[in-house]
Amino acid sequence: MRPIPSWLSVLTLVLGLGFVANGLFMLAAPFDWYLAVPGVSDTGPPNRHFIGDIGGAYLATGLGLLAGLRWPWLLPGTALAAALFHGFHALVHVLDGLAGRCTPVQLQLDPFAVGVPAVLLVILAVAAVRGRA
């Protein structure tokens, strides 16, 4: 396996740390997270269990990416798993937008907050699976 290119390492590190931070925030203080993230409170009342479930998924994908940096042979699998979760998460947001279930704030923020990380993860996963990582 070739060494991970620096641009890929930086992308993996930034995404991994961001997902870990978001996941820990969601698990440690779900109601504070609910109020702090723009647009989230527009989705309905907070649900501590649901926020915790999603926080666990963010934490798992972030830790997986960071593990892939430490043990590069794991990166193809961890990047693919992260891309799948975040890709489906983004798809749900797109479908909600198309169905009219989003507020204007959500429609403005979702492409950046949910869509961009998903696209970056697909790029990361493709590079890792093709052996460029």
Side-chain angles (χ1 to χ4, degrees):
M1 179 169 277
R2 289 186 253 173
I4 299 173
S6 60
W7 72 270
L8 206 55
S9 293
V10 170
L11 177 61
T12 304
L13 181 65
V14 169
L15 290 172
L17 290 175
F19 294 153
V20 166
N22 189 52
L24 289 173
F25 188 13
M26 293 174 86
L27 288 166
F31 298 114
D32 292 335
W33 175 89
Y34 173 85
L35 294 172
V37 179
V40 171
S41 62
D42 296 334
T43 64
N47 180 315
R48 196 260 170 264
H49 180 93
F50 183 70
I51 295 168
D53 285 346
I54 303 302
Y58 268 85
L59 184 59
T61 58
L63 290 173
L65 292 174
L66 297 176
L69 285 177
R70 173 64 177 93
W71 300 286
W73 62 90
L74 293 176
L75 189 57
T78 60
L80 183 59
L84 286 169
F85 165 70
H86 290 278
F88 285 125
H89 181 204
L91 180 61
V92 168
H93 281 255
V94 168
L95 294 175
D96 281 349
L98 292 173
R101 292 188 292 262
C102 292
T103 66
V105 171
Q106 289 172 283
L107 290 173
Q108 290 175 341
L109 296 177
D110 280 356
F112 303 101
V114 180
V116 169
V119 169
L120 292 174
L121 281 166
V122 168
I123 293 167
L124 172 62
V126 168
V129 168
R130 286 188 170 176
R132 295 198 174 100

Problem - Closest non-hydrogen atom pair, Thr43 against Val40 - result: OG1-O, 2.6 Å
Exercise for the section: Treat each ILVMFWY residue as a node, draw an edge where side-chain heavy atoms are under 4.5 Å apart, and state whether Leu35 and Met26 are in one component. Expected result: yes
Problem - ILVMFWY cluster, Val114 and Ile51 together (side-chain gap under 4.5 Å) - result: no
Handout entry: CG-CZ distance between Leu27 and Arg48, expressed to the nearest 0.5 angstrom
Key = 7.0 Å
Practice task
To the nearest 0.5 Å, tell me how far Phe85 CZ sits from Leu80 CG.
Solution key: 14.5 Å
Exercise for the section: Any chance you could measure Asn22, atom CG, to Leu17, atom CG, to the nearest 0.5 Å? Expected result: 12.5 Å
Practice task
Check whether any side-chain heavy atom of Trp33 sits under 4.5 Å from a side-chain heavy atom of Ile54, and report yes or no.
Solution key: no
Problem - Path from Val94 to Leu120 over hydrophobic side-chain contacts below 4.5 Å - result: no
Handout entry: same_hphob_cluster(Trp7, Val119) at 4.5 Å side-chain heavy-atom cutoff
Key = yes
Exercise for the section: Identify the heavy atoms of Thr103 and Gln106 that sit nearest to each other, and give their distance. Expected result: N-OE1, 2.8 Å
Fill in the blank from the handout: Closest non-hydrogen atoms of Gly68 and Thr78, given as atom of the first, atom of the second and distance, are CA-OG1, 4.2 Å
Exercise for the section: Identify the heavy atoms of Asp110 and His93 that sit nearest to each other, and give their distance. Expected result: OD2-ND1, 2.8 Å
Practice task
Check whether Leu8 and Val14 end up in the same hydrophobic cluster, where Ile, Leu, Val, Met, Phe, Trp and Tyr are linked by side-chain heavy atoms less than 4.5 Å apart.
Solution key: no
Exercise for the section: Can you measure from OG (Ser6) to CG (Leu13) and round to the nearest 0.5 angstrom? Expected result: 12.0 Å
Problem - Rounded distance (nearest 0.5 Å) linking atom CG of Leu74 with atom CG of Leu66 - result: 12.0 Å
Exercise for the section: Go through the structure and list residues passing ring-ring contact (aromatic ring centres under 6.0 Å, His included) with Tyr34, not counting sequence neighbours. Expected result: none
Handout entry: Heavy-atom pair of closest approach, residues Pro111 and Leu107
Key = CD-O, 3.3 Å
Exercise for the section: Evaluate side-chain contact (heavy atoms from CB on, under 4.5 Å) for Leu65 paired with Leu124, printing each intermediate quantity in order. Expected result: CA-CA 10 Å; Leu65 292 174; Leu124 172 62; 3.8 Å; yes
Practice task
Step through the shown structure and confirm whether more than 12 heavy atoms of other residues, nucleotides or ligands are within 6.0 Å of CZ on Phe31.
Solution key: yes
Problem - Ala118 versus His86, closest heavy-atom pair with distance - result: CB-O, 3.5 Å
